[in-house]
Amino acid sequence: AHLLGGFATLSFLWLLTLRLDNQHWRVNAHEMVNLQSLKPYAIAGLLVVIAQIALGGWVTSNYAALACPDLPTCQDQWLPAMDFSRGFDFFQAIGPNYLGGLMNNEARIAIHIAHRIGAILTLIYIGWLCFKLWRSSLPVTQKMAKIIAVSLAFQFFLGLSNIWFNFPLTVAVAHNAFGAVLLLTLVTLNHRLYTASTE
């Protein structure tokens, strides 16, 4: 909740900056139709990124990052034992568990694997969204497609690097930072789509 609150605060401050900047996409009537059709996909993209950030926070909160120290397998298995019911018990007792002492390994593996699956789904969906933005053939959306794609690629690579290099602090911090950057690019896209006007 603390992580999501921080990201929400950052997003609202960025949105305020965009609104104060008062720059909008100005397009002709035909281009406006294309932009309108992109709105639901952009909102869905924002929600996908938020969900993946929440999963990342759940990984960290439950000390699940080290549950799968190898790639592409986990614990040298393609399908290790997982306990999703305990891993995603949002009302678990705190007790000594805040030190990472009580949750079993199968629960942590379930959390970690869920984040990996979320990363793949995010890569696919946001990558497809970038393709849609590029195919719209508008310079403004093509520019956004490039910015989002670069942010997505860096974030995905940093996630892999966390495991490859055994979770160094600098890479973990960069992974959080680029999660924020990716979120802000989706906030920007949605703001631009919803404030676009015709010439």
Item to complete: Under the side-chain contact (heavy atoms from CB on, under 4.5 Å) rule, what do L189 and L129 come out as? Steps first, then yes or no, please.
Response: CA-CA 11 Å; L189 172 64; L129 177 60; 4.0 Å; yes
Worksheet, complete the sentence: Rounded to the nearest 0.5 angstrom, the CD1-CG distance for I50 and L4 is 8.5 Å
Worksheet item: Does R19 reach the main-chain N or O of H191 with its side chain, forming a donor-acceptor pair under 3.5 Å?
Response: no
Worksheet item: Closest heavy-atom contact between G127 and L152?
Response: N-CD2, 3.8 Å
Worksheet item: Does G87 offer a backbone N or O that forms a donor-acceptor pair with the side chain of W58 under 3.5 Å?
Response: yes
Worksheet item: Would you say L10 and V173 are hydrophobically clustered, going by side-chain heavy atoms of ILVMFWY under 4.5 Å?
Response: no
Discussion item. Please tell me whether I43 and M32 are part of a single hydrophobic cluster in this structure, the criterion being side-chain heavy atoms less than 4.5 Å apart.
Written reply: yes
Item to complete: Taking all non-hydrogen atoms of both residues into account, name the closest pair between L158 and V171 and its distance.
Response: O-CG1, 3.6 Å
Discussion item. Looking at L182, is its backbone amide N or carbonyl O close enough to the side chain of Q155 to form a donor-acceptor pair, meaning the two atoms are under 3.5 Å apart?
Written reply: no
Discussion item. Treating E106 as the side-chain partner and A81 as the backbone partner, does any N or O pair qualify as donor plus acceptor under 3.5 Å?
Written reply: no
Fill in: Heavy-atom check, side chain of P69 versus side chain of Q75, under 4.5 Å
yes
Worksheet entry | Any donor-acceptor N/O pair, H112 side chain to A65 backbone, under 3.5 Å | yes
Discussion item. More than 12 heavy atoms of other residues, nucleotides or ligands under 6.0 Å from CZ of F84: yes or no?
Written reply: yes
Worksheet item: Which heavy atom of T185 sits nearest a heavy atom of M144, and at what distance?
Response: O-CE, 3.5 Å
Practice prompt. Measure the spacing between OG1 of T198 and CD of E31 and express it to the nearest 0.5 Å.
Written response: 11.0 Å
Worksheet, complete the sentence: Closest non-hydrogen contact found for N34 with S136 is ND2-O, 4.3 Å
Worksheet entry | Side-chain donor-acceptor pair present, D83, S85, cut-off under 3.5 Å | yes
Item to complete: Tell me yes or no: between the side chains of W14 and T188, is some donor less than 3.5 Å from an acceptor?
Response: yes
Worksheet item: For H30, does its backbone N or O pair with a side-chain atom of N28 as donor and acceptor, under 3.5 Å?
Response: yes
Worksheet item: Should L71 and F165 be counted in the same cluster of Ile, Leu, Val, Met, Phe, Trp and Tyr side chains packed under 4.5 Å apart?
Response: yes
Discussion item. Within this structure, what is the CZ-CD1 distance for the pair F156 and I126, rounded to the nearest 0.5 Å?
Written reply: 13.0 Å
Discussion item. A side-chain contact here means heavy atoms from C-beta on lying under 4.5 Å apart; do S197 and W25 qualify?
Written reply: no
Item to complete: Provide the closest heavy-atom pair for A114 versus L55 in the form atom of the first, atom of the second, distance.
Response: O-CD1, 3.6 Å
Worksheet item: Could you state the interatomic distance from CD1 (I53) to NE2 (H115), rounded to the nearest 0.5 Å?
Response: 9.5 Å
Worksheet entry | In one Ile/Leu/Val/Met/Phe/Trp/Tyr side-chain cluster, 4.5 Å: W128, L47 | yes
Worksheet item: For atom CZ of F154, is the number of surrounding heavy atoms from other residues, nucleotides or ligands below 6.0 Å larger than 12?
Response: no
Worksheet item: Near K143 NZ, under 6.0 Å, is it more than 12 heavy atoms from other residues, nucleotides or ligands?
Response: no
Worksheet item: Does any N or O in the side chain of T17 come within less than 3.5 Å of the main-chain N or O of L13, such that one atom is a donor and the other an acceptor?
Response: yes
Discussion item. Donor-acceptor check, side chain of Y125 to backbone of Y41, threshold 3.5 angstrom: yes or no?
Written reply: yes
Worksheet item: How about I163 and C68: do any of their side-chain heavy atoms sit closer than 4.5 Å?
Response: no
Discussion item. Working note: N166 + L66, criterion side-chain contact (heavy atoms from CB on, under 4.5 Å); need CA distance, chi angles, decisive distance, verdict.
Written reply: CA-CA 8 Å; N166 200 24; L66 293 171; 4.2 Å; yes
Item to complete: Show your reasoning for whether side-chain contact (heavy atoms from CB on, under 4.5 Å) applies to R26 and V140.
Response: CA-CA 9 Å; R26 290 176 175 81; V140 287; over 6 Å; no
Discussion item. Could you measure the distance from the CG atom of L183 to the CD atom of Q52? Nearest 0.5 Å is fine.
Written reply: 12.5 Å
Item to complete: Taking the side chain as every heavy atom from C-beta outward, state whether L121 and V48 have any atom pair closer than 4.5 Å.
Response: no
Discussion item. Minimum heavy-atom separation for A42 and L186, please, with both atom names.
Written reply: O-CD1, 4.1 Å
Fill in: Polar side-chain atom of R86 near backbone of N104 as donor-acceptor pair, under 3.5 Å
no
Discussion item. For F167, is there any backbone N or O sitting under 3.5 Å from a side-chain donor or acceptor partner on N162?
Written reply: no
Worksheet item: Are the side chains of T141 and R192 in touch, meaning some heavy atoms are under 4.5 Å apart?
Response: no
Worksheet item: Is F178 reachable from I147 through a run of I, L, V, M, F, W or Y residues, each pair having side-chain heavy atoms under 4.5 Å apart?
Response: no
Worksheet entry | Rounded distance [0.5 Å steps], CZ in R135 versus SG in C130 | 14.5 Å
Discussion item. What verdict does the side-chain contact (heavy atoms from CB on, under 4.5 Å) test give for W164 and F157, after you've listed the backbone C-alpha separation in whole Å, the side-chain angles of each residue and the deciding distance to 0.1 Å?
Written reply: CA-CA 10 Å; W164 286 334; F157 175 74; 3.8 Å; yes
